[in-house]
Amino acid sequence: MTAPTATKYEVVIGIEVHAQLDTKSKMFCSCSADYHNAPPNTHVCPVCLGMPGVLPVINRQAVEYTIMTGLALNCTVPDRAKFDRKNYPYPDLVKGYQISQYDLPLCKGGWLEIELEEGGTKRIGVTRVHLEEDTARNMHRTNGAGEAYTLIDVNRSGTALMEMVTEPDVRSGQEARLYLTKLQQILRYLGVSRANMEEGNMRCEPNISLRLVGAPEFGSKVELKNLNSFRAVELGIEYEIQRQRALLDAGERVVQETRGWRDEEGKTVSQRSKELAEDYRYFPEPDLPPLRIDRAYVDGLRARLPELPDAKRARFREQYGLSEYEANLLAQTRARADYFEAVVGALANDGDLLLRRAKAASNWILGEYARLLNLAGIEITGSKVMPEHLHELLVLIDEGTVSTTGAKSVFEAMFESGKPARQVVEEQGLTQISAAGEIQSVVMQVIENNPKPVEDYRAGKDEAIKFLVGQVMRETRGRAKPDLVLELLRQQLAS
Ligand code: ADP
Ligand code: MG
Ligand code: ZN
C-alpha cells in the first residue's frame with residue numbers, strides 16, 4: 001500500500017522579504033526617498049544615477065533601522081559588517097551592480113514566533129537581516145504600432161532596502177502568511193517601514209520545495225515572485241506545492257527556477273532559471289569602509305526599542321484582565337494600543353475600577369467605535385475623538401449622568417464633531433433622567449398607547465413589560481434610567 005500523496009511529501013519553505021526603509025534620504029546619497037508622488041526621474045543625482053567617479057555615503061538611519069529590526073527578530077549583531085557589490089546585469093540598476101551585503105550582514109541568527117491557527121506556537125528561524133539598495137522601476141509600454149518598449153524611472157533606485165531571510169522552517173502557505181503578518185506588524189511597531197504588500201514597500205519571495213518524508217536532503221526549490229498580497233502568497237504557495245507534487249508523482253523532477261505568480265490566472269509561470277551566488281560575482285564594495293559595530297551603540301538601540309506586539313498583548317491581558325481575543329485586537333497596531341491605554345487613563349492598579357474601565361474602553365474601541373471607523377473608512381489615528389473624550393464619556397456613564405443607550409448617540413455626535421463628551425451631553429440634553437416625576441408622565445402615556453402588552457402583563461406574562469420599558473426608553477431618547485422605568489411601570493400596572 002502506498003501512502004496518500006498528501007502525507008508522502010514534506011513541504012519546505014524559506015522566505016525572503018524585502019522592506020523599503022522609511023528613511024528621509026536614499027541609502028547612499030542625499031536624494032529624498034519620498035518620491036511617491038513625484039514625476040519620474042526627479043529624485044536623482046550622480047550617485048543614484050550611477051555616474052562614474054562618484055562616491056556613496058552610508059545612511060546612518062538605515063543602519064539603525066536594520067539593527068533595530070534584527071534585535072526585534074532576536075538576532076545577534078556581529079561586531080563587524082561590510083557591504084559588497086553584487087553584479088547585476090539588468091537595466092533597472094544603471095550602475096550594473098547593487099550594493100548589498102554578502103558574508104557579513106548586519107544581523108544574523110534570530111527567530112520569530114508565530115501563533116498557529118490550530119493552536120500552539122512555532123518559531124521560524126531568521127537566518128539574517130541585511131541592508132541593500134533598491135532598484136529603479138521598469139515601466140512597460142506599447143507604442144502606436146503595437147511595439148513594446150520599456151521606460152525606466154530611477155526615483156526608487158538607491159533607496160534603502162532591508163532584506164530578511166528565514167531558515168527553511170515554514171511548512172505551508174498558511175504558516176507563510178502568519179509569518180508575514182507578524183513580521184509586518186513588527187516592522188510597523190518599530191516604525192522602520194510602511195510594510196505594505198499592495199504598495200510594494202514590503203515584497204516577499206518564498207522558496208518552495210518538496211521532499212519525501214524522512215529524506216535526508218531538500219528537494220530543488222522554486223523561488224516565487226510577484227506576490228502582491230498576503231492572499232496571493234498563500235494561493236501562490238499552495239499552487240506551487242500542487243504543481244511540484246504532480247511532477248514528483250509522475251516521476252519527473254522539479255527544475256530549480258524563479259517563477260512568477262499570475263494573480264488573474266491563479267497559476268505560476270517560469271521566469272528564469274535561478275542564478276547561483278557565483279553568477280553574481282560578489283566582492284567587497286571598495287568605495288565603502290567595513291562597519292565596526294560598537295556594543296554600546298547596539299545596547300542603546302536595544303534600550304530604545306518600543307514594546308513589541310507579543311509583550312504588549314501579554315501585558316494587556318495581565319494588567320487589564322482582558323481576554324486573549326481583546327488583547328490581540330487592541331495591540332494589532334501601536335496606535336490602537338496607545339489609544340486604548342490613553343482612554344483607560346492613569347488609574348491605580350489596585351481596585352476594580354481599572355479593570356472595569358479597561359473592559360469598557362475595550363468594548364467601545366472594538367465595538368461601536370470600530371463600527372463607525374469602518375463606515376468612515378478611517379483608522380483610529382484619523383478620528384476626531386480624542387482619547388480623553390472617550391475617557392470622559394466612560395466617566396459620565398459610570399456616574400449615571402448618561403445611560404448606556406444614551407451614550408451611543410452621544411458617541412456618534414462626538415465622532416461627527418470631535419466635541420468633548422460633556423459638551424455633547426449638555427448640547428443634546430441627553431443627561432439621564434432619574435427624577436421619577438419626569439418619567440412618570442411618559443410611563444402613563446406608554447401604558448395608554450399599548451393596551452395589548454399591558455393586558456398580557458396583567459394576565460401574568462411578565463415578559464411583556466420589557467416591551468413597555470423599551471417604549472419608554474424610546475420616548476425619552478434613551479435618557480430615562482432603565483431600572484427606574486421598570487419600577488414605575490410595575491407600580492403603575494399593579495394598581
Ligand atoms: P539562494 O542563494 O538561491 O537565494 P539561499 O540559500 O540564499 O538561496 O536561500 C534563500 C531562501 O531559500 C532561504 O529562505 C532558505 O531558507 C530557503 N531555502 C534554501 N533551500 C531551500 C529548499 N531546498 N527548499 C525551500 N527553501 C529553501
Ligand atoms: Mg537569496
Ligand atoms: Zn541620489
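Counting convention: from 1, in listed order, for ligands and their atoms alike. Source: prediction; values computed, not measured. Heavy-atom basis, side chains included; hydrogens, waters and symmetry copies ignored.
- Remark: Glu412 engages Arg371 in a salt bridge, criterion side-chain N to carboxylate O under 4.0 Å.
- Taking every non-hydrogen atom of Val12 and a distance limit under 4.0 Å, the qualifying atoms of ligand 1 come out as 24 (N), 25 (C).
- Between Ser220 and ligand 1, no N or O atom pair is found at a separation short of 3.5 Å.
- Considering backbone and side-chain N/O atoms, Gly219 comes within less than 3.5 Å of an N/O atom of ligand 1.
- Taking distance alone, with nitrogen or oxygen atoms compared against 3.5 Å, Pro168 approaches ligand 1 more closely than that limit.
- Both cation-pi conditions hold for Lys86 and Tyr280: the charged atom is under 6.0 angstrom from the six-membered ring centre and inside a 45 degree cone around its axis.
- In summary, Glu223 and Lys221 do not engage in a salt bridge, as defined by a charged side-chain N under 4.0 Å from a carboxylate O.
- Because the distance cut-off is set at 2.8 Å, His43 fails to qualify as a neighbour of the Zn ion (ligand 3), as none of its N, O or S atoms comes that close.
- The pair Lys122-Glu113 fails the salt-bridge criterion, with no side-chain N (NZ, NE, NH1 or NH2) lying under 4.0 Å from an Asp/Glu carboxylate O.
- Within a 6.0 Å sphere centred on CD of Glu379, other residues, nucleotides and ligands contribute 12 heavy atoms or fewer.
- Between Phe340 and Tyr320, the ring planes are perpendicular. Angles over 60° get that label, and only those under 30° would be called parallel.
- For the residues Asp279, Asn207, Thr166, the heavy atom positioned nearest atom 15 (C) of ligand 1 is part of Thr166.
- Contacts between Ile15 and ligand 1, counted as non-hydrogen atom pairs separated by less than 4.0 Å, involve the backbone only.
- Draw a line from the Zn ion (ligand 3) to SG of Cys29 and another to SG of Cys31, and the angle between them is 120° (to 10°).
- Which parts of ligand 1 touch Phe218 is read off a 4.0 Å heavy-atom cut-off, strictly below it: atoms 23 (N).
- Under 4.0 Å from ligand 1, the heavy atoms of Val165 that appear belong solely to its side chain.
- Between Glu326 and Lys359 there is a salt bridge, since a side-chain N of the basic residue sits under 4.0 Å from a carboxylate O of the acidic one.
- In Glu223, neither the side chain nor the backbone holds a heavy atom less than 4.0 Å from any atom of ligand 1.
- If you run ring pair (Phe, Tyr, Trp, His ring centres under 6.0 Å) between Phe83 and each of Tyr102, Phe283, Phe28, Tyr282, only Phe28 comes through.
- Every atom of ligand 1 is numbered from 1 in the order shown, and the set under 4.0 Å from a heavy atom of Gly14 is 14 (O), 16 (O), 17 (C), 26 (N).
- Taking 4.0 Å as the cut-off between side-chain N and carboxylate O, Lys82 and Asp103 count as a salt-bridged pair.
- The shortest N or O to N or O distance between Lys221 and ligand 1 is below 3.5 Å.
- Those atoms of ligand 1 that come under 4.0 Å of a heavy atom in Glu167, given as number and element, are 16 (O).
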